[in-house]
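Here the structure is laid out as structure tokens; the discussion comes afterwards.
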Amino acid sequence: MSPYEASDNESMKHCIAIALIVCALASILACTDNGDNAPASIEEVGRLEQIPTLIAPNLGSPQNNRIGIEDLSILSPKYGDTLVLANRGDPPSGFDTMRTSSIALHHIAGALFGPGNLVMRCRENLYLTCPYLATSWVVNPGFTEWIFTLRNDAFWHDGVPFKPEDVVFWFDLALNGYEQNGKVRAPAYFKGDLGNIRSVEALPSNRVKITLSGRNEFFLDILANPRLKFAHPKHLMEPLLLSGDMSVSPLDIGLVGLGPFTFEAYQAGSTVQVGRFDNYFEVDEVANPLPYLDGIDYIIVKEPAAMDIAFRSGRLDGGARGSGHYLTEERKRGYRDTLGDNVYYAEIEGGMFRLAFNMFKEGPWQDSRVRRAIALWVDREASIPAVLGGFGWTTPSLGPPNPYKDKRFVVWPTFDKDPLAQRREKAKLLMAEAGYADGFDMGHLCRARQTLGCELLQAQLKELGVHLRIQLIDEGEWNRARVSLDFDTQQGRLSVLPIPEGTEGVYGVYSRSPDSYSKHEDSQVSELYRLLRESTLPERRLDVWRRLQRYIFVEQTYVVTIAEAIYVVPYRSYVEGLVIPPEDGHSNTDFATVWIDKTKK
């Protein structure tokens, strides 16, 4: 069976409805303008070397949701119906979560592969870590050895039990890549996020031991990043890798995951359809099996205007996540005027609008005075209406109210608080001192869906004498180019990571973090991250984080911080059970708790 198709288990009525939506969107689109250090070893062993002393809460025996009821609506009116969501584009890179963090993939990946891996961000509070594929864990006093006990009721969608060997295989593939007969598969783009993992071992009694090279008290928080998904079952991926197919992707093996929904069909440029996985292990607060929905249809809508028309005409239950598709103030007014109380809006603190330098390329930006001048020159406030659609914040604000977030760790807005006129005077002096009073040319890698930001930077920096040459690339090329060394500057991906220890993948050295915003090999950054991981006292941790931020944003100015976005996503009022994360739109995309209130529809 082709991975683009699956047997039709849906009713004819549902198929016709989807066909009508796709046809309608095609008509809409026709009327709119077309404007995204490796571990020393990975091994499997059979004994535990050290008895740990700190224990995470044990959930006991996981409840089995396979209760043999054909019509789940008997249990609750929450069951049934299909959620129809817009998706920003086709999932790139063969749906491979090791290759891209694109929300066009991860908006769908949560349903297929689950909201986490061994652990997940808690739905009720994403700043806490909850069990997912592991039921419990223990850690030694030095926070270097973590032992996870896996669930005994987790199955891949093809019915094969999830095993410790799957965990070992995934970490090996993510951290080391794969090599066979001279052919090479690159490690995951996020390998730097995982820190210094020395080994991953399968233990008896359904356990896995992860050994780190140094102390990391916050390893669980890093692991809970929702981008780190188990989408590579060993029993399906390894035979193809052994045969020499280094480019094998989850799509090539039928998108077999562990999440609440199974793959049903994919038509490029049209739809991705998933259906309820009856053997999924999560249950709700009264032990009823999740998910509630029969399925989710993701309608690929590349143009925001087409999404707006489809939503407002009743063809969509929810909007797409992703830059460009998040609502602007103007578009939200249109929704309000048309739909009134029949729609609600998820507001999610999003990623940063920034400018980052490639320190491997020769040019005037090698001088820290030049980088500092550019940072001082940018009019941050102007970017909110011009680039972020009116939803965002910048210095001196510390962001929207959030009772779960420790605002002491929001450091960057405390820098450069002088009035813009004073900052710009200083910027001119720095440019003159560096010998560039007459300016210079500088390239800028520009993602096609982020042209507003590129154009704003170009217009503002022109006044400083910097001619920014915009190098516009499409979504597919963006996923390759942003980890390359082929450009002078870029904005980087728009992800936001809620804990300091999880940011090394975007601020760290290029050799460990190729997807970092700025490309550099500054050992001082690595040292500061080491000190951060090894901090045992809260005040010490905060002090190191402040030093690290000042070093990156002020002393070296590898990254110019401009403004933070607030993402706005529309949903129909009858969409219930949606857990809206206070930040990071990649969170809570499994939709396992979502249900349709038929009395409101």
Side-chain angles (χ1 to χ4, degrees), residues 39 42 44 62 91 93-101 105-121 129-135 137 146 148-178 185 187-191 193-194 197 200-202 206-210 219-220 222-241 248-263 274 277 279-282 290-291 586-590 592:
I42 300 286
E44 298 177 19
S93 305
F95 287 71
D96 197 335
T97 55
M98 288 192 183
R99 292 289 165 256
T100 177
S101 63
L105 167 58
H106 286 268
H107 191 215
I108 299 170
L112 287 168
F113 307 127
N117 41 72
L118 296 175
V119 296
M120 62 180 281
R121 291 177 180 171
T129 302
C130 282
Y132 186 58
L133 290 165
T135 59
W137 50 86
W146 298 78
F148 298 86
T149 299
L150 305 188
R151 305 188 69 93
N152 56 22
D153 61 349
F155 292 85
W156 295 99
H157 292 160
D158 60 358
V160 174
F162 174 68
K163 300 176 181 178
E165 289 75 17
D166 286 305
V167 180
V168 174
F169 176 78
W170 185 87
F171 274 97
D172 194 1
L173 196 63
L175 293 164
N176 296 328
Y178 206 91
R185 177 188 176 96
Y189 77 89
F190 54 71
K191 73 170 187 174
D193 295 11
L194 294 169
I197 294 178
V200 181
E201 309 160 10
N206 211 30
R207 295 176 300 159
V208 172
K209 177 182 174 183
I210 300 177
F219 179 63
L220 289 181
I222 294 169
L223 199 58
N225 183 340
R227 296 158 185 79
L228 313 184
K229 298 184 185 301
F230 289 164
H232 303 77
K234 179 181 179 180
H235 67 283
L236 296 176
M237 295 288 291
E238 189 172 51
L240 293 172
L241 290 168
V248 60
S249 70
L251 184 60
D252 295 325
I253 59 169
L255 296 176
V256 174
L258 295 157
F261 296 91
T262 62
F263 170 63
V274 301
F277 181 39
N279 284 342
Y280 188 59
F281 54 84
E282 280 197 290
L290 295 175
H586 284 65
S587 299
N588 302 340
T589 60
D590 55 287

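Quantities reported herein were computed from a predicted structural model and do not represent experimental measurements.
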Does Leu255 reach the side chain of Phe113, with side-chain heavy atoms less than 4.5 Å apart? yes
Please identify which of these residues, Asp166, Thr97, Val167, meets the side-chain contact (heavy atoms from CB on, under 4.5 Å) condition with Phe230. Val167
With a 4.5 Å heavy-atom cut-off, do Pro250 and His232 have their side chains touching? yes
Nearest 0.5 angstrom please: Asn225 CG to Phe190 CZ, how far? 8.5 Å
Step by step, would you call Tyr189 with Ser101 a side chain to side chain contact (heavy atoms under 4.5 Å, CB included)? CA-CA 9 Å; Tyr189 77 89; Ser101 63; 3.0 Å; yes
Kindly compute the distance separating CG (Leu223) from OG1 (Thr129), expressed to the nearest 0.5 Å. 8.5 Å
Audit row: Tyr178, Asp172, side chain to side chain contact (heavy atoms under 4.5 Å, CB included) steps and yes/no: CA-CA 8 Å; Tyr178 206 91; Asp172 194 1; over 6 Å; no
Using the side-chain hydrogen bond (donor to acceptor under 3.5 Å, both in side chains) criterion, which residues pair with Asn588? Sequence neighbours excluded. none
Validation row, ring centre Phe277 to ring centre His157 under 6.0 Å: yes
Plane angle bin for Phe162 and Trp156 - parallel if under 30°, tilted between 30 and 60°, otherwise perpendicular: perpendicular
Exercise: identify the closest heavy-atom pair between Pro226 and Arg121: CD-CZ, 3.3 Å
Where do Asp96 and Ser249 come nearest, in terms of heavy atoms and distance? OD2-CA, 4.3 Å
Do the side chains of Glu282 and Pro260 get nearer than 4.5 Å, heavy atoms only? no
State, to 0.1 Å, how close Leu105 and Thr100 come at their nearest heavy-atom pair, and which atoms those are. CD2-CG2, 3.9 Å
Ignoring hydrogens, what is the shortest heavy-atom contact between Asp158 and Val256? Give both atom names and the distance. N-CG1, 3.8 Å
For a 4.5 angstrom cut-off between non-hydrogen side-chain atoms, does Phe219 reach Ile210? yes
Specify the closest pair of heavy atoms between Gly259 and Tyr132, including all atoms of both residues, with the distance to one decimal. CA-OH, 4.2 Å
Starting from the C-alpha separation in whole Å, work towards a yes-or-no answer on side chain to side chain contact (heavy atoms under 4.5 Å, CB included) for Leu173 and Leu241. CA-CA 10 Å; Leu173 196 63; Leu241 290 168; 3.9 Å; yes
Measuring from Met120:CE to Leu228:CG, what's the distance to the nearest 0.5 Å? 13.5 Å
Working to the nearest 0.5 Å, report the span between CG of Leu118 and CG of Leu150. 6.5 Å
Distance check, rounded to the nearest 0.5 Å: Arg151 atom CZ versus Asn206 atom CG? 11.0 Å
Close side-chain approach of Phe171 and Asn117, heavy atoms under 4.5 Å: no
Euclidean distance, Ile253 CD1 relative to Phe95 CZ, rounded to 0.5 Å: 12.5 Å
Where do Lys229 and Trp170 come nearest, in terms of heavy atoms and distance? O-NE1, 3.0 Å
Min side-chain heavy-atom separation Trp146-Ile197 under 4.5 Å: no
Under the 3.5 angstrom rule, does the side chain of Arg185 hit a backbone N or O of Val248 as a donor-acceptor pair? yes
